[in-house]
Amino acid sequence: MKHDLNPRQLSAVKHITGPCLILAGAGSGKTRVITQKIAYLIKECGIEARHIAAVTFTNKAAREMKTRVSSLLDKQQAKGLRVSTFHTLGLDIIRRELSTLGYQPGFSIYDSSDSTALIRELMKQAFADPGNIAEQMLWQISRWKSAFVQPEQAMQQANGNAQLTAAAALYEKYNHHLKTYNAVDFDDLIMLPVLLFRTHPDVLERWQNRLRHLLVDEYQDTNATQYELVKQIVGVRGNLTVVGDDDQSIYAWRGAQPENLFQLKEDFPQLEIIKLEQNYRSTGRILKVANTLISNNPHEFAKRLWSDLGFGDPVRVVRTRDEEHEAEQVISELNHHRFVHRGPLCDYAILYRGNHQSRVFERMLREHDIPYYLSGGISFFAYSEIKDIMAYLRLLSNPDDDNAFLRIVNTPRREIGPGSVEKLANYATERGHSLFVAARELGLASHLGPRAYKQLEHFTGWISELAHQCENGEPIEVVKRLISDIDYERWLTDSNKDESQATRKMNNVLELVNWLQRMHKGSPDAPLSDLVAKLTLIDTLDNGEDEDKGNRVQLMTLHAAKGLEFNNVYLVGMEEDLLPHRTSIEEETVEEERRLAYVGITRAKKNLTMSFAVKRKRYGEVIDCAHSRFIDELPEDDLHWAGIGVQINREEAQERGQTHLANLKNMLTAGNG
DNA sequence: AGAGTGAACCTTTTT
DNA sequence: GGTTCACTCT
């Protein structure tokens, strides 16, 4: 078998029975190991592809892995192979075991904005003003779900704490409502299968038999519930391959437990541990800088990355006046570099901590006519026009989805105002029916004005008709008819002042239809609800085939950059309160921020530039900034300072910031007294 | 019912 | 600085 594997990688590939932990440093070829191992299992060990599952965290990673595996196998061999995200795996389990779980076909998946809307609704009933607490509540519930804590346990754990008790009560209520809406949220996609497997050993056995070899990528990102699912599926057979790097754990904030890496030792005593320490990506200098930084964090296993790609150039550190100047410097540096080296634009990446930081760079790039590609930011599915259409599609396959109903019952306007909707809701709760079902009942007529009743009747009749049409095939035709029936294009032009805005929105809608069409071609027998469910799990609609995507500067957050590599990396906004983010400093989770910086540094193959600003606008006010403590942790000899002024140390700048703060405080106390 | 105006909040990172 | 939410006026 043809391979370009070093001895350690090879032993990881050939370890096929029993549990195996691969500690893979940045750039050590972990994806290569996983893909080669899948190919090895199929080609050399004669294991059927349908018994193998590889699980990743992002769609992007899954996509990438799929293409790389399929280049190693022919179509027949790869048939039935599962490469998916955790959430898609969970979705498939739920879909196959629907009746055991007590859900109806066509169930809805709620994304976080749907869930927030539901929470807000539920809180309105109990409290007066939900404000922005709804999101915090949802966050807490999500933490519980990812720690596999059920509502009753949450209530116990709250132990009288008012805030937590309220959240736990809400958790219970929220779950209950999701169930009656025939809906699940993101966390349920993992949690429900675990619950199911606990209570139904026969079902679990079926799945264990189906998924005999499990490979998990980015294992340090798993939460407790996901680990539970892994353990259940692997069972006594124990054919588990796990790849991870504790230094790249950057998702603890949403419940990931990097300890899961070390927990494996306890849970699987026969665990084979293989370390991959040769880096095939970066220059020696970049690795040295990265290693030095991360050595400030405590480590369970010592790991030393090395590379034989030459020592390379120093890391540049650029000091700038403000965020505007920073963008200017970075772009002109980039331009200059490109002029000298003549590389493609996609070799350049600008990485930052928070999405909002992209703004200045976007503007500057546009001014210089440099094409860029922004990944992340607002998801396609957050657009109101997409949410509208998705709500229609959800209601079409799941009449119990009250949230979808509420969103679109009067969008576009049907003269069914809040008053009528509230009366309908009261009636529905009384009868224990969903809004849609209640709206179809004759008894409702006496509770509502004749006009509103007639409109509702018309609306539900029309939806039912479309749903019926959907069942006898051609879901795409139904979607198209739906959009033209509601004359959505007209609604967009009426409700948007700006003509171009309206056409842009309509184009988004058409894009959505295109996607549905493509998915429908891929699996012609899947009902519309399946297509909608899959769509909900996709973050963005940009397909890999975008024409000039290959030649644009890449802009993304550090989180989004994980797993990628670029010849030239600009790590911008290297400032206290920004790269160790302020809340992380307050919550004493700076170690995770350090790993974030580490991830950023190790994305670079040849060239790394860090930049920071001395002043920066925040909430419209200019504030002093100190450069990141992480810069001080780097080996001085490998840094090349540039930019304005002489080099000043961090303490000095910080002192300035503190006197500023003290002045403010004085002003406040003076004002009070 | 819907549009238009102010106030308050905010910015971590995502399936 | 920008967005979202609630209130008020037409």
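By convention in this document, chain letters (A, B, ...) are assigned in the order of the sequence lines, proteins followed by strands, and residues within each chain are numbered from 1. Note that the structure is predicted; figures quoted are calculated from it, not measured.
- Gln248(A) places its CD atom 16 Å from the P atom of dT14(B), with the value rounded to the nearest Å.
- The side chain of Asn355(A) places an N or O atom within less than 4.0 Å of a non-bridging phosphate oxygen (OP1 or OP2) of dT13(B).
- Thr557(A) comes within 4.0 angstrom of sugar-phosphate atoms only, judged by non-hydrogen atoms across all strands, and of no base.
- Residue ring and base: Trp253(A) counts as stacked with dT13(B) (centre distance below 5.5 Å, interplanar angle below 30°).
- With respect to the salt-bridge test (charged N to carboxylate O, under 4.0 angstrom), the residues Glu218(A) and Lys30(A) qualify.
- Ring orientation note: the planes of Trp144(A) and Tyr171(A) are close to parallel, at an angle under 30° on the 30°/60° scale.
- In this structure, the CH2 atom of Trp491(A) is 7 Å from the P atom of dG2(B), given to the nearest Å.
- Going from atom CD of Glu323(A) over to atom C1' of dT11(B) covers 14 Å, rounded to whole Å.
- Contacts of Phe57(A) with the nucleic acid, taken as non-hydrogen atoms under 4.0 Å apart, involve only primed sugar atoms and P, OP1 or OP2.
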*Going through the distances and angles, do Arg366(A) and Tyr372(A) end up as a side chain to side chain donor-acceptor pair (under 3.5 Å)?*
CA-CA 8 Å; Arg366(A) 269 200 302 269; Tyr372(A) 63 89; 2.8 Å; yes
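- Using bins of under 30°, 30° to 60° and over 60° for the plane-to-plane angle, the ring pair Phe57(A)/Phe86(A) lands in the tilted bin.
- Looking at heavy-atom distances under 4.0 Å, Ile416(A) makes contact with sugar-phosphate atoms alone, never a base.
- Rounded to whole Å, atom C1' of dT11(B) lies 13 Å from atom CG of Asp577(A).
- At least one side-chain nitrogen or oxygen of Arg413(A) sits closer than 4.0 Å to the OP1 or OP2 atom of dG2(B).
- Summarising the geometry, the separation between CG on Leu89(A) and P on dT15(B) is reported as 17 Å, rounded to the nearest angstrom.
- Among the heavy atoms of the strands lying under 4.0 Å from Tyr251(A) are primed sugar atoms or P, OP1, OP2 only; no base atom is included.
- In this entry the distance linking CD of Glu586(A) with C1' of dT11(B) reads 13 Å, nearest Å.
- The NZ atom of Lys617(A) sits 20 Å away from the P atom of dT11(B) (whole-angstrom rounding).
- Map Asn410(A) and Glu587(A) each onto its nearest nucleotide of DNA chain B; the residue landing nearer the 5' end is Asn410(A).
- The nucleotide whose nearest atom lies closest to any side-chain atom of Arg618(A) is, among dT15(B), dT14(B), dT11(B), dT11(B).
- For dA6(C) and dT11(B), the C1' atoms lie 22 Å apart once the distance is rounded to whole Å.
- One atom, OH of Tyr619(A), and another, P of dT11(B), lie 7 Å apart when rounded to the nearest Å.
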*Begin with the C-alpha distance, continue with both residues' side-chain angles, and end with the deciding distance and a verdict on side chain to side chain donor-acceptor pair (under 3.5 Å) for Gln455(A) and Glu457(A).*
CA-CA 5 Å; Gln455(A) 292 294 338; Glu457(A) 197 182 26; over 6 Å; no
